[in-house]
Amino acid sequence: MDPVDLTILPYEMAERLQAVVTRDYGDSYQVASPNVLAHEDIEEIEEFLGDPVELVFVSENELLSLFNESYRSETKHESVFKLYDKHPMQSAIVTLTKPQSIAFAVLAIVIVIGFIINWFWTFIVLITIGQIVYATLAAFKLISIMKAQYSDDQVRFSQMDVNAIDERDLPIYTILVPVYREAGVIADLMQAIQNIDYPQHKLDVRILLEEDDTETILAVQNMDLPSTFVPLIVPSSQPQTKPKACNFGLLGARGEYVVIYDAEDRPDPDQLKKVFLAFQTLPKEYVCIQGKLNYFNCGQNMLTRLFTTEYSVWFESLLVGLMQMGIPLPLGGTSNHFKTSFLKEVGGWDPFNVTEDADLGIRLYRNRYKTAVIDSRTWEEANSRVGNWVRQRSRWLKGYLQTWLVHMRNPRRTFRQFGLRGFIGYQCQVLGTPLLPLMNPIFWTLMVLWILFQPWWVEAAFPGIVYYMSVVLLLFGNFVFTYTNMTGMYDVIRDCAVKRSQPFSFSLVKYGLLSPVYWILMSVAAYKGLWQLLRNPFYWEKTEHGLTDKSKENKVVTDEMAGDAA
């Protein structure tokens, strides 16, 4: 089939009708579609073209290829600017609006004037405010975790429930696989998706490849993949980010539901079926089901152990607590399952936000939709190198700051839409996540200065209640969060032991004691993220995957398990 001017039909009409003009016979046209078009649809096309049409059938994949070739500029624009076109105030294309810039400038001027007039009292006021904010954020996190511990409302289904599903009732499921420079791990991911317990003919797997990534493109082309696995070349444009690729993959997605899996993911085989049951069971306002994430290489080195304790608390407790409290829930970057109609309604992901997952979770809440956490895991590769970890974490924290700035452009409207509880929760979770590691070095420095030199101004800056608040945060706060990291890891190990899904050892629990060391790295990443927010806000700092030695993947954990048994 030799396409001529395939853009004769307007983009909106071609997308809506799933039809592309493939030939012009002079007095008629040939139109390709994978569907039997209704009589009124054919009449609409004929009325626009002014000539009769001949309908030919093509496969879904053939139409997708024709469509992307024909409407390249339109699809490129939609994948980058759809959110901005529909909801400009919810796009991070502008980091600071003019009112926000003025507000921050005024705040900076007030602080400078304060230090000029009376530096000592200005310093005391700032330290006191910092302690109050720190105490509030710490209390919020503790309440969220405790809420999940005492009232576990994760969505759960038994194996019997999964086995009872009639596969004829299952809808088409779109899986988006954004990959960039992942030639070394893409084969493992493709195998993991093929291992999913879901009818292959009902999968719409879209492998999203960047134009300049010839190595990964070649690797995918050399694979013997099922016909439902479709490689898509994302048109080159800025910003070159994961959310832009996902938006491109969402165009023409056939699934009733859509999920993202990252390059190193290994989802539980029954995850899609459990999510299907969740959507059938939960009220209609639930448009997202978040799977739990954890790491298959937790025992590789000290960094992966500490990373695992953090993730265990985040996905096993914190997100569950936020869900139960009914406040905005920042999503994880993978294994979040959506109703496709919702994504198209809100404009998809924000290509200019480097934590598009967290931002989408907030927009979901803003539109009065809900998220549930399901008891199904996706195993990922924990960063095992410090530099790689800092690059990844700085991007996450930069994105949280972007998200906070976007949704605080009109604080009054945000407050009205979120309500008091949602607004407070949003501040504590979205702003608090990067703010705590930004504040930590300040208080650590003051503590070290006092221990070494006892300067009078440090003692004077902590009068009365401020001093006691600081002591409580230092002793009790550090103990509580170290303890919750340990208990979170314990809960994951116990659950996995029951399901026999991952060879975790209870010996890993003790590494939670080193959480304060991990917090130092988080502060390094936070300041790097803040610097990048000011200098290069849309830059997507690539995380390198495939650093795990497969032959030793769980050797350390297995050795520790042997020690437990002994």
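Note that these values count all heavy atoms, side chains included, but never hydrogens, waters or copies made by symmetry.
- To the nearest 0.5 Å, atom CE of residue Met408 and atom OG1 of residue Thr97 are 11.0 Å apart.
- The side-chain hydrogen bond (donor to acceptor under 3.5 Å, both in side chains) analysis of residues 444-458, with sequence neighbours excluded, yields no pairs.
- A 4.5 Å side-chain heavy-atom check between Lys244 and Ser237 finds at least one atom pair inside the cut-off.
- By the 4.5 Å heavy-atom criterion applied to side chains, Thr334 and Pro267 are not counted as neighbours.
- Within the 4.5 Å cutoff, no side-chain heavy atoms of Val346 are placed close to those of Gln90.
- The shortest distance between side-chain heavy atoms of Arg385 and Arg391 does not fall below 4.5 Å.
- Closest approach of Thr355 and Trp396 over heavy atoms only: CG2-O, 3.2 Å.
- Taking the side chain as every heavy atom from C-beta outward, Leu322 and Ser144 approach each other to under 4.5 Å.
- In terms of modelled atom types and a separation under 3.5 Å, the side chain of Thr216 and the main chain of Glu182 share a donor-acceptor contact.
- For the pair Phe443 and Gln131, the tightest heavy-atom approach, listed with the atom from each and the gap, is CE2-NE2, 3.1 Å.
- The environment of Phe115 atom CZ is dense: over 12 non-hydrogen atoms of other residues, nucleotides or ligands sit within 6.0 angstrom.
- Contact between Ser335 and Val259 at its shortest, heavy atoms only, is CA-CG2, 3.9 Å.
- Side-chain N or O atoms of Ser523 include one that pairs as donor or acceptor with a backbone N or O of Pro437 at under 3.5 Å.
- Tested against Phe352, the residues Tyr84, Tyr539, Phe538 include a single ring-ring contact (aromatic ring centres under 6.0 Å, His included) partner, Phe538.
- Residues passing the side chain to side chain donor-acceptor pair (under 3.5 Å) test with Glu310, sequence neighbours excluded: Arg393, Tyr518.
- Note that OG1 of Thr122 and CZ of Phe120 are 10.5 Å apart. Values are rounded to the nearest 0.5 Å.
- A search for side chain to side chain donor-acceptor pair (under 3.5 Å) contacts involving Lys242 returns Asp262, not counting sequence neighbours.
- No side-chain N or O of Thr543 forms a donor-acceptor pair with one of Asn383 less than 3.5 Å apart.
- Lys147 NZ to Ile143 CD1: the interatomic distance, rounded to the nearest 0.5 Å, is 10.0 Å.
- Under 3.5 Å, the side chains of Thr414 and Arg409 contain no donor-acceptor pair of N or O atoms.
- Among the candidates Val430, Val354, Asn353, Leu364, the single residue satisfying the side-chain contact (heavy atoms from CB on, under 4.5 Å) test with Asp359 is Asn353.
- Asp265 and Ala192 make their closest contact through O-CB, 3.8 Å (heavy atoms, listed as atom of the first residue, atom of the second, distance).
- For residues 418-434, the set of pairs meeting the side-chain hydrogen bond (donor to acceptor under 3.5 Å, both in side chains) definition, not counting sequence neighbours, comprises Trp404-Gln427.
- In this structure the side chain of Asn247 never reaches within 4.5 angstrom of the side chain of Leu83, judged on heavy atoms.
- Residues Asn294 and Phe315 are not in side-chain contact: their nearest non-hydrogen atoms beyond the backbone lie 4.5 Å or more apart.
- Atom CG in Asp357 sits 10.5 Å away from atom CH2 in Trp349 (nearest 0.5 Å).
- Residues forming a side chain to side chain donor-acceptor pair (under 3.5 Å) with Thr128 (at least two apart in sequence, or on another chain): none.
- Considering all non-hydrogen atoms of both residues, Ile207 and Met190 come closest at CD1-SD, 3.5 Å.
- Just one residue in the list Leu533, Val406, Leu534 forms a side-chain contact (heavy atoms from CB on, under 4.5 Å) with Thr95, and that residue is Leu533.
- One N or O on the side chain of Tyr365 and one on the backbone of Gly326 form a donor-acceptor pair closer than 3.5 Å.
- Rounded to the nearest 0.5 Å, atoms OH (Tyr295) and OG1 (Thr309) are 10.5 Å apart.
- Judged by distance alone, with hydrogens and angles left aside, the side-chain atoms of Asp375 form no donor-acceptor pair with the main-chain N or O of Gln154 at under 3.5 Å.
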May I have the step-by-step check of side-chain contact (heavy atoms from CB on, under 4.5 Å) for Leu360 and Asn336, ending in yes or no? CA-CA 11 Å; Leu360 185 55; Asn336 32 41; over 6 Å; no
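- With rounding to the nearest 0.5 angstrom, the CD1 atom of Ile442 is 14.0 Å from the CE atom of Met447.
- No donor-acceptor pair closer than 3.5 Å links the side chain of Asp350 to the backbone N or O of Glu356.
- Gln290 and Thr371 share no donor-acceptor pair across their side chains, judged by distance under 3.5 Å alone.
- Although no hydrogens or angles enter the test, the distance criterion places a donor-acceptor pair under 3.5 Å between the side chain of Arg363 and the main chain of Gly348.
- In this structure, the side chain of Glu381 engages the main chain of Gly546 through a donor-acceptor pair within 3.5 Å.
- For the salt bridge (Lys or Arg N to Asp or Glu O under 4.0 Å) with Glu541, the lone residue among Lys528, Arg395, Lys398 that qualifies is Lys528.
- The number of heavy atoms from other shown groups lying within 6.0 Å of CD1 (Ile465) does not exceed 12.
- In this structure, a donor-acceptor pair under 3.5 Å is present between the side chains of Gln271 and His337.
- Between the side chain of Asn118 and the main chain of Trp121, a donor-acceptor pair closer than 3.5 Å is present.
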Walk me through whether Phe123 and Leu126 qualify under side-chain contact (heavy atoms from CB on, under 4.5 Å). CA-CA 5 Å; Phe123 179 65; Leu126 291 176; 5.7 Å; no
Criterion salt bridge (charged side-chain N to carboxylate O under 4.0 Å, His left out) on Glu316 and Lys292, from CA distance to verdict: CA-CA 7 Å; Glu316 304 293 331; Lys292 298 188 294 187; 3.0 Å; yes
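- The two atoms that bring Gly422 and Pro328 nearest to each other are O-CD, 3.4 Å, heavy atoms only.
- A search for side chain to side chain donor-acceptor pair (under 3.5 Å) contacts involving Asp212 returns Tyr180, Gln240, not counting sequence neighbours.
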Between Ile132 and Met469, does a side-chain contact (heavy atoms from CB on, under 4.5 Å) hold up when you go through it step by step? CA-CA 8 Å; Ile132 293 172; Met469 187 188 305; 4.3 Å; yes
Go through it in stages, so that I can follow the logic: the residues are Leu137 and Leu435, the test is side-chain contact (heavy atoms from CB on, under 4.5 Å), and I'd like the CA-CA distance, side-chain angles, deciding distance and then a yes or no. CA-CA 9 Å; Leu137 296 178; Leu435 191 58; 4.1 Å; yes
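- More than 12 heavy-atom neighbours from other residues, nucleotides or ligands sit within 6.0 angstrom of CD on Gln191.
- Ring planes of Trp389 and Phe307: perpendicular class, angle over 60° (limits at 30 and 60°).
- The backbone N or O of Gly291 lies less than 3.5 Å from no partner atom in the side chain of Ser376, so there is not a single donor-acceptor pair.
- In this structure the side chain of Leu420 reaches within 4.5 angstrom of the side chain of Phe415, judged on heavy atoms.
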